[in-house]
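Data block below; observations after.
Atom set for the values below is all heavy atoms of this structure, side chains included, hydrogens, waters and symmetry mates excluded. All of these numbers come straight from a predicted model, not from anything done at the bench.
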Amino acid sequence: SGFLLPAMAALTGAALLLASLLALAAITSGNTEGDILYSQRQAWKDPNNVLQSWDPTLVNPCTWYHVTCNNVNSVIRVDLGNAGISGTLIPQLGQLKNLQYLELYANNMSGPIPTTLGNLTRLVSLDLYDNHLTGVIPSSLGAVGRLRFLRLHGNKLAGVIPASLGRLTKLVELELQENMLTGTVPLEVLSLVLVGDLTELNVAKNNLAGTIKSSKPRVATVIQDTLKTTL
């Protein structure tokens with residue numbers, strides 16, 4: 001029996017170690033979104049210290065300022081408009097699977113819009129306007145079927161307007177003005193005025209074919225009655 005006690009103690013110790021490791025694994029997986037946001041914080045310059053509360057040692061990011069979570073502690077909003085932040089957007093943002101609002105407007109963001117944002121299938125509002133973003137508008141954004149507000153104006157985006165945006169039938173506002181976009185507005189996007197919920201489409205002050213930059217918009221608003229639906 002003298003031998004059994006140390007053996008049992010060793011087993012108990014092993015069980016406790018296993019339990020603590022499992023608990024740590026649970027915390028780590030629960031904090032994946034916190035890890036992503038903290039990585040994003042490290043990629044940014046934050047002269048006003050608005051991200052001071054983004055502490056990676058906490059169990060989840062739900063107590064951080066400018067972050068909102070749902071009832072299961074998953075991030076649904078990031079609100080950092082007009083925060084004086086500069087730097088790039090990291091591709092891992094596309095892993096915040098429950099994100100509904102990404103509000104990063106009126107900062108000094110640079111670099112491209114990550115194509116991975118097309119994985120944010122619950123996103124309702126993507127506001128990246130009034131920054132210094134470059135590159136193209138990712139065609140992957142056409143996969144974000146719940147998107148209602150896509151506001152990318154006031155950047156340095158080039159290339160064409162992706163036809164895939166025509167799949168965004170819930171879109172209410174599409175603001176792409178004041179960039180360096182070329183080509184024409186795809187018919188698939190124009191058709192959203194007829195078949196979708198689109199009330200504002202602004203592509204002024206770009207380099208689109210057949211247009212000249214002017215202070216007067218050619219079409220300000222399209223107003224029509226609700227379309228008939230056939231049963």
Side-chain angles (χ1 to χ4, degrees), residues 31-41 43-44 51 54 60-62 64-83 85 87-107 109-131 133-155 157 159 161-177 179 181 186 188-189 192 195-203:
N31 200 24
T32 303
E33 295 186 332
D35 293 340
I36 291 166
L37 289 175
Y38 188 68
S39 295
Q40 180 61 87
R41 178 191 171 177
W44 282 338
L51 306 176
W54 288 27
N60 61 53
C62 301
W64 298 359
Y65 288 138
H66 315 293
V67 174
T68 308
C69 293
N70 60 14
N71 57 359
V72 291
N73 295 329
S74 186
V75 176
I76 56 171
R77 291 187 71 113
V78 176
D79 289 284
L80 283 167
N82 203 15
I85 293 169
T88 58
L89 302 176
I90 62 171
Q92 293 94 308
L93 288 175
Q95 296 172 33
L96 300 174
K97 60 182 184 297
N98 291 310
L99 194 65
Q100 296 173 24
Y101 294 84
L102 185 56
E103 306 297 315
L104 301 175
Y105 56 87
N107 283 291
M109 305 285 177
S110 56
I113 299 171
T115 57
T116 51
L117 297 190
N119 298 328
L120 300 173
T121 53
R122 296 178 186 270
L123 203 62
V124 173
S125 176
L126 180 58
D127 282 328
L128 304 178
Y129 60 88
D130 292 343
N131 279 288
L133 297 170
T134 53
V136 300
I137 299 171
S139 59
S140 59
L141 293 179
V144 188
R146 298 187 188 185
L147 204 57
R148 291 173 60 78
F149 303 96
L150 179 56
R151 293 180 279 223
L152 306 177
H153 53 283
N155 280 289
L157 298 169
I161 299 169
S164 61
L165 299 185
R167 307 205 312 254
L168 302 176
T169 54
K170 297 269 196 301
L171 214 52
V172 175
E173 289 184 20
L174 178 58
E175 300 203 25
L176 306 177
Q177 69 271 24
N179 279 291
L181 300 170
E188 293 90 339
V189 173
L192 290 175
V195 300
D197 295 334
L198 198 63
T199 59
E200 184 171 341
L201 167 61
N202 194 336
V203 294

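Once rounded to the nearest 0.5 Å, the distance linking OG1 of T199 with CG of L174 reads 10.5 Å. To the nearest 0.5 Å, atoms SG (C62) and CG (N70) are separated by 7.5 Å. Rounded to the nearest 0.5 Å, atoms CH2 (W44) and CG (L104) are 5.0 Å apart. Here the straight-line distance linking atom CD1 of I85 with atom CD of Q40 works out to 8.5 Å at 0.5 Å rounding. Note that the CG atom of L99 and the CG atom of L126 stand 9.0 Å from one another [nearest 0.5 Å]. Atom NZ in K97 sits 10.5 Å away from atom OG1 in T121 (nearest 0.5 Å).
Although no hydrogens or angles enter the test, the distance criterion places no donor-acceptor pair under 3.5 Å between the side chain of S139 and the main chain of S164. In terms of modelled atom types and a separation under 3.5 Å, the side chain of N98 and the main chain of V75 share no donor-acceptor contact. Judged by distance alone, the side chain of N155 and the main-chain N or O of N131 form a donor-acceptor pair under 3.5 Å.
Under the 4.5 Å side-chain criterion, counting only non-hydrogen atoms from C-beta, L128 is in contact with L89. Between R146 and R122 the shortest side-chain heavy-atom distance falls below 4.5 Å. Counting heavy atoms from C-beta outward, L141 and P162 have side chains that stay 4.5 Å or more apart. Side-chain contact check for L51 versus L37: every heavy-atom pair is 4.5 Å or farther apart. Between I161 and V203 the shortest side-chain heavy-atom distance falls below 4.5 Å. Using a 4.5 Å heavy-atom cutoff, the side chains of E200 and E175 are in contact. Residues Y101 and V124 form a side-chain contact, since some pair of their non-hydrogen atoms from C-beta on lies under 4.5 Å apart.
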- Message: Test side chain to side chain contact (heavy atoms under 4.5 Å, CB included) on L192 and T169; report intermediate values, then the result.
- Response: CA-CA 6 Å; L192 290 175; T169 54; 4.3 Å; yes
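For D79, the side-chain hydrogen bond (donor to acceptor under 3.5 Å, both in side chains) test picks out R77, with sequence neighbours left out. In terms of the side-chain hydrogen bond (donor to acceptor under 3.5 Å, both in side chains) criterion, residue partners of S125 (sequence neighbours excluded) are, by chain and number, E103, D127. For S140, there are no side-chain hydrogen bond (donor to acceptor under 3.5 Å, both in side chains) partners at least two apart in sequence or on another chain. Evaluation of the ring pair (Phe, Tyr, Trp, His ring centres under 6.0 Å) rule for Y129 yields Y105, H153 as partners, not counting sequence neighbours. Under the side chain to side chain contact (heavy atoms under 4.5 Å, CB included) criterion, V144 pairs with L123, L147, not counting sequence neighbours.
Taking every heavy atom of both residues into account, Y65 and W54 meet most closely at O-NE1, 2.9 Å. In this structure, E33 and S74 approach most closely via the heavy-atom pair OE2-OG, 3.0 Å. L157 and I137 make their closest contact through CD1-CG1, 4.1 Å (heavy atoms, listed as atom of the first residue, atom of the second, distance).
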Cut-off 3.5 Å, no hydrogens considered: what does the side-chain donor-acceptor table look like for residues 109-118, sequence neighbours left out?
from: T116; atom 1: OG1; to: P91; atom 2: O; distance (Å): 2.6

